[in-house]
2 protein chains.
Amino acid sequence: MAYQKALTVLSDPTRRAVFEGLRDGPAPAGLLAKRFPVSRPAVSQHLKVLRDAGLVDVERRGTSRIYSIRLDALRELRDWIDGFWDDALLQYKEALERDDGHRQN
Amino acid sequence: MAYQKALTVLSDPTRRAVFEGLRDGPAPAGLLAKRFPVSRPAVSQHLKVLRDAGLVDVERRGTSRIYSIRLDALRELRDWIDGFWDDALLQYKEALERDDGHRQN
DNA sequence: CTTTTTGGTAAGCCATGCTTTATGTAAGCG
DNA sequence: CGCTTACATAAAGCATGGCTTACCAAAAAG
């Protein structure tokens with residue numbers, strides 16, 4: 001049930017942008033920070049939140065820390081959304097059929 | 001690019017619960033409100049936010065208003081997550097192959 | 001046309017949390 | 001060893017936003 005944490009964490013635009021910055025591959029914190037109009041500590045804190053939520057991984061290499069997407073939490077979020085979508089779609093189809101049925105009566 | 005609004009809106013636990021309350025089918029506002037430990041106006045406000053984000057639809061029937069899931073916004077969110085997931089998975093596989101390659105050298 | 005039912009709107013309080021500046025830490029470098 | 005690089009952590013300010021109480025609106029019932 002960690003999709004809830006993921007949703008909470010991905011709600012902030014800046015943090016979401018930081019996370020999306022890892023979409024093409026791992027990157028060091030500094031490089032991520034330079035892309036956004038907020039201070040470097042701000043990005044650092046966002047990364048911490050993302051880490052605590054299990055959305056990213058860190059690996060120290062020399063003085064820099066390489067961040068990367070972590071699949072587990074992302075998968076839970078995907079599964080939740082997909083399940084929700086499936087239910088909603090099914091609901092929609094059933095509603096259509098009910099309407100057709102009524103029209104025939 | 002409405003997945004951003006969806007993510008923002010679904011970050012609040014109560015609001016998310018209200019939204020999930022529509023997962024099994026449409027429901028009137030009052031019935032939704034009774035399920036949660038917050039006041040009815042609070043739920044009303046959450047429903048307004050969900051409506052503004054395009055996540056739910058309203059239909060007036062008598063004095064009550066029937067809320068239901070709206071597919072469009074949900075689909076955008078699903079597509080974003082799925083795309084992100086695919087990219088992340090691809091990244092993971094490439095990383096594995098790189099490691100294997102290094103091991104063989 | 002008053003009352004009831006079912007909700008939405010307004011105002012205000014208060015906690016959460018995002019941001020910045022300042023400081024701390026650990027690894028490479030000369 | 002200092003010094004620099006690269007980043008984290010701490011403290012504080014300030015805005016956002018969720019909750020409650022109080023009030024309003026519209027449809028149905030009688």
Side-chain angles (χ1 to χ4, degrees), chain A residues 2-22 24-70 73 77, chain B residues 2-22 24-70 73 77:
Chain A
Y3 71 90
Q4 318 201 9
K5 225 184 304 177
L7 281 171
T8 303
V9 157
L10 291 177
S11 65
D12 180 71
T14 303
R15 189 160 47 226
R16 188 168 54 236
V18 170
F19 185 59
E20 293 202 62
L22 298 172
D24 309 324
L31 196 118
L32 285 172
K34 271 187 290 188
R35 299 184 194 166
F36 308 106
V38 296
S39 68
R40 197 174 41 68
V43 174
S44 223
Q45 291 176 74
H46 283 309
L47 285 169
K48 174 179 173 50
V49 173
L50 288 168
R51 213 180 332 136
D52 289 347
L55 281 168
V56 301
D57 252 343
V58 210
E59 185 190 351
R60 304 180 70 146
R61 251 185 31 203
T63 66
S64 67
R65 318 198 178 181
I66 313 296
Y67 283 86
S68 57
I69 294 177
R70 198 160 168 279
L77 180 59
Chain B
Y3 71 90
Q4 319 202 9
K5 225 185 302 176
L7 281 172
T8 302
V9 158
L10 291 177
S11 65
D12 181 71
T14 304
R15 188 159 50 228
R16 189 169 52 235
V18 170
F19 185 58
E20 293 202 59
L22 297 173
D24 309 323
L31 196 118
L32 284 172
K34 269 186 289 186
R35 298 184 194 167
F36 308 106
V38 296
S39 67
R40 198 178 42 67
V43 173
S44 223
Q45 289 168 27
H46 282 309
L47 285 169
K48 176 178 173 50
V49 174
L50 288 168
R51 214 181 329 134
D52 290 346
L55 283 167
V56 302
D57 253 341
V58 210
E59 186 190 351
R60 304 179 69 143
R61 249 180 38 198
T63 66
S64 66
R65 319 199 177 180
I66 313 296
Y67 283 85
S68 57
I69 293 177
R70 198 161 169 278
L77 180 58

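Here the structure is a predicted model, which means the values were calculated and not measured. Every chain is numbered from 1 and lettered A, B, ... according to where its sequence line falls, protein lines coming before strand lines.
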* Looking at every strand, decide which applies to A/Ser39 at a 4.0 Å heavy-atom threshold: base, sugar-phosphate, or nothing. =>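 Base contact - A/Ser39 has a heavy atom under 4.0 Å of at least one base atom.
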
Taking the side chain as every heavy atom from C-beta outward, state whether [X] and [Y] have any pair of such atoms under 4.5 Å apart.
X: B/Ile66; Y: B/Pro28; value: yes
X: A/Ile69; Y: A/Leu55; value: no
X: A/Asp52; Y: A/Val9; value: no

* Asked: Between B/Leu31 and A/Val38, which has a closest nucleotide on DNA chain C that is more 5'?
  ->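 Going by which nucleotide is closer to the 5' end, it is B/Leu31.
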
* For A/Arg15 and for A/Arg61, find the nucleotide of DNA chain C with the closest heavy atom, then tell me which residue's nucleotide is more 5'. =>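 The residue closer to the strand's 5' end, by nearest nucleotide, is A/Arg15.
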
Please state how far atom [atom1] in [X] lies from atom [atom2] in [N], giving the value in whole angstrom units.
X: A/Lys34; N: D/dT5; atom1: NZ; atom2: C1'; result: 12 Å
X: A/Arg60; N: C/dG28; atom1: CZ; atom2: C1'; result: 13 Å
X: A/Lys5; N: C/dG17; atom1: NZ; atom2: P; result: 14 Å
X: A/Ile66; N: C/dA27; atom1: CD1; atom2: P; result: 15 Å
X: B/Leu50; N: D/dG18; atom1: CG; atom2: P; result: 10 Å

* Asked: Hey, is the side chain of A/His46 poking within less than 4.0 Å of OP1 or OP2 on C/dT19, counting only N and O atoms?
  ->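 Answer is yes, contact under 4.0 Å.
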
* May I ask you to verify if any side-chain N or O of B/Thr14 is less than 4.0 angstrom from the OP1 or OP2 atom of D/dC19? =>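 Yes, because at least one side-chain N or O of B/Thr14 sits under 4.0 Å from OP1 or OP2 of D/dC19.
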
* Could you run through nucleotides 8-13 of chain C and give me one letter per nucleotide, 5' to 3': B if any protein heavy atom sits under 4.0 Å from the base, S if only the sugar-phosphate is that close, - if neither? => BBB---

* B/His46 NE2 to B/Tyr67 OH distance, which is reported to the nearest 0.5 Å ->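 Those atoms lie 12.5 Å apart.
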
* Out of curiosity, A/Leu10 CG to A/Lys5 NZ, how far, rounded to the nearest 0.5 Å? ->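 Answer for the CG-NZ pair, A/Leu10 versus A/Lys5, is 12.5 Å.
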
* Apply side chain to side chain contact (heavy atoms under 4.5 Å, CB included) to B/Leu22 and B/Leu32, showing your working. => CA-CA 8 Å; B/Leu22 297 173; B/Leu32 284 172; 3.9 Å; yes

